[in-house]
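Worksheet: one structure, shown below.
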Amino acid sequence: MSTAVFSARERFTALVQVVGGMLCLQFGSSYAKMLFPTFGAAGMVGLRTFFAAIMLMLFFRSWHSLSRRVLWLVLPYGLSLAAMNYFFYLSLGRLPLGTTVALEFTGPLVLSFIHTRRWTDVVWTSLTVLGLVLLLRPESAVRPDPIGIVFALLAALCWALYIVFARNIAGKLPSGQACSLGMLCGGAAVFMPCTIPALWVGIHAPLLLGVSVIVALCSSALPYTLEMQAMQKLSAREFGVLCSLEPVSASLAGAILLHEAPSLMRLCGILCVVLASVGTVLMPQRTKATAPDGPTLPE
């Protein structure tokens, strides 16, 4: 659908929805990290997917679409979503939020580079590499945790796979149904190893368990819903540019809530990754682009 049919007010509302969802997601990640000492990174993945799946299923009434064929269709999408969140939280336990998100963002960037053959991609690739060098450059005695870096890059790989699987189901299933059923599949995959132990801990810490429900709302249910509404009024290019600000919002949330203010060098690295993403989105495509029906850039 062309965005020309929407008024300036509607498009501004869509912009607010994307930015609001982005901030919700990153502040939710900050609160999730605060709960790591109680539930652990894996436990927070289990709680987030469990509560988010319940919220999304209720909001979209997705049980009406349940069938074996639909579940097989969304299963790869849901598993890649769960794996992305799992490795993201494992990395978040070892690295600052802004650094983790910037490293994870290389997944969609590499996917964009693979699918294009433009000379400008050399510029954006170089800018991405420069950003990674600045992010991972040791500063005095403080060195980035190598295991955290590996986890972040695995999350980046899962994010790229998530986008591929999301595109595969686009047009075959309404975006709300795909998102909620995918979350259901992901939640089922981590239920036994991650969710049950965390729920058992939560029985003895009900207040913190309640905070994990807020994390699920802020990190999954609310941003995904806001993004899906905004994508109906924004072009894929506009949406991509806005999502490129994800590492910046992560750095902001980390600085405010976790006191993880990045150094000037690492802030420059984050901005390099953002600029590379914006440049990749804004440059004209040689191939015909397909507007995504489902959410392609969650965390």
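Just so you know, these numbers use all the heavy atoms, side chains as well, and skip hydrogens, waters and symmetry mates.
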Working note: K33 + L257, criterion side-chain contact (heavy atoms from CB on, under 4.5 Å); need CA distance, chi angles, decisive distance, verdict. CA-CA 10 Å; K33 187 169 184 175; L257 295 179; over 6 Å; no

Pair Y31, I214 - check side-chain contact (heavy atoms from CB on, under 4.5 Å), show working. CA-CA 9 Å; Y31 280 110; I214 297 175; over 6 Å; no

Side chain proximity check, [X] to [Y], heavy atoms < 4.5 angstrom:
X: L184; Y: L66; answer: yes
X: L103; Y: V273; answer: no
X: L58; Y: I54; answer: yes
X: L56; Y: S62; answer: no
X: T99; Y: E260; answer: no
X: L157; Y: V110; answer: no
X: C185; Y: L71; answer: yes
X: P96; Y: L258; answer: no

Linking I/L/V/M/F/W/Y whenever their side-chain heavy atoms sit closer than 4.5 Å, directly or via other members, would [X] and [Y] fall into one cluster?
X: V150; Y: I147; value: yes
X: L154; Y: Y162; value: yes
X: L92; Y: F39; value: yes
X: L97; Y: M34; value: yes
X: F50; Y: L79; value: no

Quick one: pull up [atom1] in [X] and [atom2] in [Y] and give me the separation to the nearest 0.5 Å.
X: L23; Y: L252; atom1: CG; atom2: CG; value: 7.0 Å
X: L127; Y: L132; atom1: CG; atom2: CG; value: 10.0 Å
X: W200; Y: T195; atom1: CH2; atom2: OG1; value: 16.0 Å
X: L90; Y: T100; atom1: CG; atom2: OG1; value: 10.5 Å
X: L271; Y: L130; atom1: CG; atom2: CG; value: 11.0 Å

Should M84 and E104 be marked as a side-chain contact (heavy atoms from CB on, under 4.5 Å) after you check the CA-CA gap, both sets of side-chain angles, and the distance that decides it? CA-CA 9 Å; M84 177 179 67; E104 188 190 28; 3.4 Å; yes

I'd like to know if the side chain of [X] reaches the main chain of [Y], judged simply by a donor and an acceptor atom lying under 3.5 Å from each other, with no hydrogens or angles considered.
X: Q26; Y: S251; result: no
X: E246; Y: V101; result: no
X: S180; Y: M57; result: no
X: S219; Y: A216; result: no

Classify the angle between the aromatic ring planes of Y89 and F36 as parallel (below 30°), tilted (30 to 60°) or perpendicular (above 60°).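 Because their plane-to-plane angle is over 60°, the rings of Y89 and F36 count as perpendicular.
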
Kindly give the heavy-atom pair with the smallest separation between [X] and [Y], and that separation in Å.
X: C158; Y: S80; result: CB-O, 3.9 Å
X: L81; Y: M183; result: CD2-CE, 3.7 Å
X: I270; Y: V248; result: CG2-N, 4.3 Å
X: A42; Y: C194; result: O-CB, 3.3 Å
X: R94; Y: F151; result: NE-CE1, 4.0 Å
X: V215; Y: G28; result: CG1-O, 3.7 Å

Are L209 and L199 close enough, and set up right, to give a side-chain contact (heavy atoms from CB on, under 4.5 Å), and what steps lead you there? CA-CA 8 Å; L209 186 63; L199 287 174; 4.2 Å; yes

Verify the neighbour count for atom OH of Y86: are there more than 12 heavy atoms of other residues, nucleotides or ligands below 6.0 Å?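 Not more than 12 within 6.0 Å, no.
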
For R48, which of S29, S220, S212 qualifies under side-chain hydrogen bond (donor to acceptor under 3.5 Å, both in side chains)?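 Result for side-chain hydrogen bond (donor to acceptor under 3.5 Å, both in side chains) with R48: S220.
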
